[in-house]
Amino acid sequence: MGTVGPGTGTGTDEIAGERRQLINVAYRLLGSVTEAEDAVQDAYARWYRLPRSRQEEILSPGAWLTTVTSRICLDLLGSARARRERYVGAWLPEPLPNRTEWDHAGGTDLAGPAHPAHPAVPADPADQIVLDESVAMAFLIVLESMTPAERVAFILHDVFRYPFAEIADVLGRTPAACKQLAASARRRVSVTRAPVTATGQADVVRQVKEAWETKDIAALVGLLNPAAVMTADGGGMVGTVLHPVEGGTRIAQYMVAIADKAPGLELLERSVNGVPGLVAQRAGVVMTVASFDVSDGRVTRIWAVRNPEKLRPWARED
């Protein structure tokens, strides 16, 4: 990716134009908007520290930036396990909103102002991430089970279509070794079933919302797979269960208990990472973002993010 050769121009606009792609790569590698932004900023800082003569030797600045960003992410992934061992409770990826739903559905306006220096560029890096199947929460959870090298090889090749010869430059391995890493990662993904259609999931999520609002435990139990698992991420900053809640009945009871303790909580149907989910807010402030995995008309997994640091993309900016 860091091909060098006769200079093809290193204008500021050309370099800045790569930011959206880099944010998309970094978020899929890290599962964190904040860390993705930091990684991209670091890559740009390294670019601007290069002597002008070196910049002009680089045939594709965008490819160079992708290589450097990916290497930074690889280092972060390598240390993530240790950092997450110190994390309070379960760690979940940062959920992403679909701004257009909030802007036009009559709900809270989450868009915020345009960046004053770059009005055409969203101020929040989360706005630049393409919401497709490769950022669905269920998919990101599978990515968490991969080794750092597997994750980099898989994301760069299978999602962004980079050739293994270029991925080898990121990982410091042979193209053949990178191909094997991607194949190993692909096997992890293949054991997961095909996702339900958005319409089918939206129907189930809507029924969960209605049963939750009416505190109908029996209805909730009917909507949850008996072996369902709910995982919550509060990061030690807000009250939540520190360990997954297992079993449809226990989850239903827990959900109703939450409703009893949180009067005035409003549930909204919103896309979470491009998939139908629920957002709980109180007095216009988003408190929880819930993602769901649905199979055969029943919820099998619930991922509830409550850590306020991970909900910044959902916060209203006045």
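Taking 4.5 Å as the limit, every side-chain heavy atom of R301 sits out of range of all side-chain heavy atoms of S291. Counting only heavy atoms from C-beta outward, the side chains of P175 and I167 never approach each other to under 4.5 Å. No side-chain heavy atom of V289 sits under 4.5 Å from any side-chain heavy atom of R270. Side-chain contact between Q180 and R173: absent, with no pair of heavy atoms (C-beta onward) separated by less than 4.5 Å. In this structure, T34 and E309 have side chains that are not in contact, with every pair of non-hydrogen atoms separated by 4.5 Å or more. Put simply, the side chain of L268 reaches to within 4.5 Å of the side chain of Q281, judged on heavy atoms. Residues Q55 and P61 have side chains not in contact (no heavy-atom distance under 4.5 Å, counting atoms from C-beta outward). Looking only at side-chain heavy atoms (C-beta outward), D169 and R71 come within less than 4.5 Å of each other.
Checked by atom type and distance alone, the side chain of N307 never pairs as donor or acceptor with a backbone atom of D233 at under 3.5 Å. Without hydrogens or angle criteria, W314 side chain to P95 main chain gives a donor-acceptor distance under 3.5 Å. Between the side chain of Q201 and the backbone N or O of F292 there is at least one donor-acceptor pair closer than 3.5 Å. Looking at Y27, its side chain never comes within 3.5 Å of a backbone N or O of P125 through a donor-acceptor pair. Remark: side-chain polar atoms of R83 are paired, donor with acceptor, to backbone N or O of L76 under 3.5 angstrom. In terms of modelled atom types and a separation under 3.5 Å, the side chain of T66 and the main chain of G62 share a donor-acceptor contact. Distance alone, capped at 3.5 Å, places no donor-acceptor pair between the R188 side chain and the L143 backbone. In this structure, the side chain of W47 does not engage the main chain of L65 through any donor-acceptor pair within 3.5 Å. In this structure a side-chain-to-backbone donor-acceptor pair under 3.5 Å is present from N24 to Q128. Distance alone, capped at 3.5 Å, places no donor-acceptor pair between the S184 side chain and the L181 backbone.
Nearest heavy-atom pair, S134 versus V159, reported as atom, atom and distance to 0.1 Å: OG-CG1, 3.8 Å. In this structure, V272 and L278 approach most closely via the heavy-atom pair CG2-N, 4.3 Å. Heavy atoms only, all atoms of each residue included: P244 and V229 are closest at CB-CG1, 3.7 Å. Between F160 and Q21, the closest heavy-atom pair is CD2-NE2, 3.6 Å. In terms of heavy atoms, A280 sits closest to L267 at CB-CD2, 3.8 Å. Residue A202 comes nearest to E269 through the heavy atom pair O-OE1, 4.5 Å, listed as atom of the first residue, atom of the second, then distance.
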Inset, instruction - Starting from the C-alpha separation in whole Å, work towards a yes-or-no answer on side chain to side chain contact (heavy atoms under 4.5 Å, CB included) for I258 and T288. - result: CA-CA 12 Å; I258 291 174; T288 304; over 6 Å; no

Inset, instruction - Walk me through it: do N273 and F139 pass the test side chain to side chain contact (heavy atoms under 4.5 Å, CB included)? - result: CA-CA 10 Å; N273 288 57; F139 189 79; over 6 Å; no

Inset, instruction - Give the C-alpha distance, both sets of side-chain angles, the deciding distance and a yes or no for side chain to side chain contact (heavy atoms under 4.5 Å, CB included) between R298 and V204. - result: CA-CA 7 Å; R298 284 178 141 186; V204 174; over 6 Å; no

Inset, instruction - Test E37 against R19 for side chain to side chain contact (heavy atoms under 4.5 Å, CB included), laying out the working first. - result: CA-CA 9 Å; E37 172 72 353; R19 185 171 183 270; 2.6 Å; yes

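The number of heavy atoms from other shown groups lying within 6.0 Å of NZ (K209) is above 12.
Residues V305 and V275 fall into different hydrophobic clusters, defined by Ile, Leu, Val, Met, Phe, Trp and Tyr side chains chained together at heavy-atom separations under 4.5 Å. Linking Ile, Leu, Val, Met, Phe, Trp and Tyr whenever their side-chain heavy atoms come within less than 4.5 Å puts V189 and L156 in one cluster. Under the 4.5 Å side-chain heavy-atom criterion for Ile, Leu, Val, Met, Phe, Trp and Tyr, Y254 and L220 are members of the same hydrophobic cluster. A continuous path of ILVMFWY side-chain contacts below 4.5 Å connects V142 to L96, so both sit in one hydrophobic cluster. Note: the hydrophobic cluster containing W91 does not contain M137 (ILVMFWY, side chain heavy atoms under 4.5 Å, direct or indirect links).
Classification of D158 and R28 as a salt-bridged pair fails, no side-chain N sitting under 4.0 Å from a carboxylate O. A salt bridge links R46 with D42: at least one charged nitrogen is closer than 4.0 Å to a carboxylate oxygen. Taking the charged nitrogens against the carboxylate oxygens, E150 and R186 have no contact shorter than 4.0 Å, which rules out a salt bridge. Taking the charged nitrogens against the carboxylate oxygens, E210 and R206 have no contact shorter than 4.0 Å, which rules out a salt bridge.
Taking CG of L223 as the start and CG of D203 as the end, the distance is 11.0 Å to the nearest 0.5 Å. Between T231 atom OG1 and I302 atom CD1 the span is 9.5 Å, to the nearest 0.5 Å. Summarising the geometry, atom CG belonging to D75 is positioned 11.0 Å from atom OG belonging to S70; distances are rounded to the nearest 0.5 Å. Expressed to the nearest 0.5 Å, how far CD1 of I217 lies from CG of L224 amounts to 11.5 Å. Going from atom CG of L29 over to atom SG of C73 covers 5.0 Å, rounded to the nearest 0.5 Å. Note that CG of L92 and CH2 of W303 are 9.0 Å apart. Values are rounded to the nearest 0.5 Å.
The one candidate from F154, F164, Y162 that meets the side-chain contact (heavy atoms from CB on, under 4.5 Å) condition with C178 is F164.
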